[in-house]
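Note sheet for the following structure.
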2 protein chains.
Amino acid sequence: MVRPSKKQQIPNLQEAIKETAWNQIAEFGAPTLSLRAIARELKITAPAIYNYFPNRDALVTALIIDAYTSFGDVQIAVRDEVPETELEERLRAIGLAYRQWALDYPQRYQLIFGTPIPGYVAPMLEVLPSAARSLSALVSVVDGLRVANKLIANGFPSIQSGYQQQFEVWKNYAGDYDIFSLSVAMIIWSRVHGLVSLEISGNMPPFGVDGSALYHYEISSIIDQFIKK
Amino acid sequence: MVRPSKKQQIPNLQEAIKETAWNQIAEFGAPTLSLRAIARELKITAPAIYNYFPNRDALVTALIIDAYTSFGDVQIAVRDEVPETELEERLRAIGLAYRQWALDYPQRYQLIFGTPIPGYVAPMLEVLPSAARSLSALVSVVDGLRVANKLIANGFPSIQSGYQQQFEVWKNYAGDYDIFSLSVAMIIWSRVHGLVSLEISGNMPPFGVDGSALYHYEISSIIDQFIKK
DNA sequence: CAGTGTATATATACAGTGTTTATTTTATTT
DNA sequence: AAATAAAATAAACACTGTATATATACACTG
């Protein structure tokens with residue numbers, strides 16, 4: 001068989017490859033993602049994929065960027081559903097949406113925050129824009145609290161010096177917020193991430209610790225600790 | 001070549017396989033762990049490994065159990081270096097040791113709590129004993145606080161019913177502590193895990209958020225939130 | 001319209017992987 | 001000493017990602 005005529009070709013093969021990859025990740029999990037399996041599904045040969053992605057890692061990077069974008073879209077949309085003045089409710093809303101997205105798309109969550117692909121390490125420079133944007137919802141709310149003088153952060157560690165340049169790059173994608181707010185956001189993020197990742201990966205002991213209840217408690221803890229009443 | 005005489009054989013090949021696996025994980029990372037590579041290193045053939053582990057996943061499980069055991073040893077040892085009456089200091093000590101162990105052995109940490117092996121999912125029943133024991137240091141301190149009436153847990157979510165049996169199994173390995181203490185320990189664990197896993201996996205934005213300082217802050221937050229003064 | 005160049009696919013091949021089967025040799029037991 | 005069990009090798013299968021060479025379809029140019 002030779003190259004098929006354009007009429008039988010798949011239009012926008014680049015997107016079709018990513019779509020098929022997502023389907024396979026959803027069905028069999030990220031670790032078993034295979035270029036050859038994608039090619040079989042699309043009825044093309046494996047090397048054809050190399051016209052669109054230089055190698056498998058590049059495809060994975062594209063998937064990660066898409067996942068970050070989808071995740072960021074949800075975070076920002078959920079934030080904007082709550083009036084700008086209701087900062088506490090905004091924080092709660094994006095916190096709950098965080099877990100919900102992870103439960104809805106566990107494989108995407110692990111693709112982003114885990115290391116489910118053998119030998120793959122995400123290229124920071126490429127991923128940074130979408131990653132920074134996805135966290136910007138949280139950072140914006142924390143910075144809103146800071147501006148409104150409602151942020152409690154007694155004894156919070158100060159920022160290391162010498163990173164101004166990287167921070168400037170970050171700002172281009174995540175918004176121009178105070179780096180102090182960023183650090184507080186980082187702690188909050190690590191808390192929700194810790195709970196969610198244990199729940200998703202099945203590392204929570206299976207004896208009736210309700211993930212949802214624990215998570216609600218943790219969100220309230222965060223609000224109590226960081227928001228002035 | 002045929003089977004070598006016993007004198008040239010490696011004594012305790014089972015242990016040697018695990019040791020070589022650890023070396024390769026340390027050098028190249030867990031995801032690229034390869035039975036054939038282990039065999040090459042040991043100058044045996046790959047199928048020979050199947051006399052000691054039924055498949056690669058079984059080897060990984062054995063490695064995970066060893067890692068949990070090593071981790072649990074450190075946790076328990078660190079706890080016991082602080083007098084039994086100094087519960088707050090015990091909590092702080094095991095908290096700091098948690099991060100230190102993760103920084104000392106990042107691959108082991110990711111092997112346990114991440115999903116770095118393609119398609120591998122840890123068999124709960126086999127891993128439970130060492131996993132439960134490794135967390136028992138934390139649970140014991142939390143339960144000590146509860147018994148001493150020093151544990152703050154207002155509004156803490158109640159335990160789901162119907163899991164008595166699993167909890168009984170858990171107790172055999174982790175010690176006979178109150179299930180309420182277990183839930184509090186779970187929250188504390190998720191917090192340190194969240195911060196450590198972000199730091200280990202390089203998912204912390206690279207602009208001067210000092211992992212060590214943040215971690216110390218988080219440990220203090222935990223103490224402030226859960227221990228009566 | 002003919003010819004050329006480029007993009008896009010296939011075909012083939014290589015080195016690697018986990019795993020299965022059959023076979024051979026060593027070690028142990030009867 | 002003979003039979004048996006254990007532990008290794010050898011060979012093969014079905015995969016994987018990827019590099020190279022090749023052939024075809026399409027678009028542009030003279």
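All of these numbers come straight from a predicted model, not from anything done at the bench. Here is how names work: the chains are called A, B, and so on, in the same order as the sequence lines, proteins then strands, and each is numbered from 1.
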Could you list all the salt bridge (Lys or Arg N to Asp or Glu O under 4.0 Å) pairs where at least one residue sits in residues 94-104 of chain A, not counting sequence neighbours?
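For residues 94-104 of chain A: Arg99(A)-Glu199(A).
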
Return the polar atom pairs (N/O with N/O) between nucleotides 20-22 of chain D and the protein under 3.5 Å, or none.
none

Atom-to-atom span, [atom1] of [X] to [atom2] of [N] - whole angstrom:
{"X": "Ile44(B)", "N": "dA10(D)", "atom1": "CD1", "atom2": "P", "value": "12 Å"}
{"X": "Asn51(A)", "N": "dA23(D)", "atom1": "CG", "atom2": "C1'", "value": "14 Å"}
{"X": "Arg56(B)", "N": "dT20(C)", "atom1": "CZ", "atom2": "P", "value": "13 Å"}
{"X": "Leu33(A)", "N": "dC15(D)", "atom1": "CG", "atom2": "P", "value": "17 Å"}
{"X": "Leu59(A)", "N": "dT16(D)", "atom1": "CG", "atom2": "P", "value": "14 Å"}
{"X": "Asp57(A)", "N": "dT18(D)", "atom1": "CG", "atom2": "C1'", "value": "12 Å"}
{"X": "Phe53(A)", "N": "dT18(D)", "atom1": "CZ", "atom2": "P", "value": "13 Å"}
{"X": "Gln24(A)", "N": "dG17(D)", "atom1": "CD", "atom2": "C1'", "value": "15 Å"}

I want to check one thing: is the phosphate of [N], taken as OP1 and OP2, less than 4.0 Å away from some side-chain N or O of [X]?
{"X": "Thr45(B)", "N": "dA8(D)", "result": "no"}
{"X": "Arg40(A)", "N": "dA14(D)", "result": "no"}
{"X": "Ser34(B)", "N": "dG16(C)", "result": "no"}
{"X": "Tyr50(B)", "N": "dT19(C)", "result": "yes"}
{"X": "Arg36(B)", "N": "dC15(D)", "result": "no"}

Partners meeting salt bridge (charged side-chain N to carboxylate O under 4.0 Å, His left out) with Glu15(B) (sequence neighbours left out)
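Counting only residues at least two positions away or on another chain, Glu15(B) forms a salt bridge (charged side-chain N to carboxylate O under 4.0 Å, His left out) with Lys18(B).
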
Applying the Watson-Crick and G-U wobble criteria at under 3.5 Å, what pairs with dG16(C)? Answer none if nothing qualifies.
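dC15(D) - that is the nucleotide pairing with dG16(C), both distances being under 3.5 Å.
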
Residue pairs passing the side chain to side chain donor-acceptor pair (under 3.5 Å) test where at least one lies in residues 126-138 of chain A, sequence neighbours excluded
Asp73(A)-Arg133(A)

Aromatic contact, Tyr109(B) with Tyr98(B) (centres under 6.0 Å):
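Yes, they do, as the ring centres are separated by less than 6.0 Å.
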
Does the Gln75(B) side chain pair with the main chain of Ile94(B), one donor and one acceptor, at a distance under 3.5 Å?
yes

With sequence neighbours excluded, tell me which residues meet ring-ring contact (aromatic ring centres under 6.0 Å, His included) with Tyr217(A).
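Per chain and number, Tyr217(A) pairs via ring-ring contact (aromatic ring centres under 6.0 Å, His included) with Phe156(B).
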
side-chain hydrogen bond (donor to acceptor under 3.5 Å, both in side chains) against Ser70(B), all qualifying residues, sequence neighbours excluded
Trp101(B)

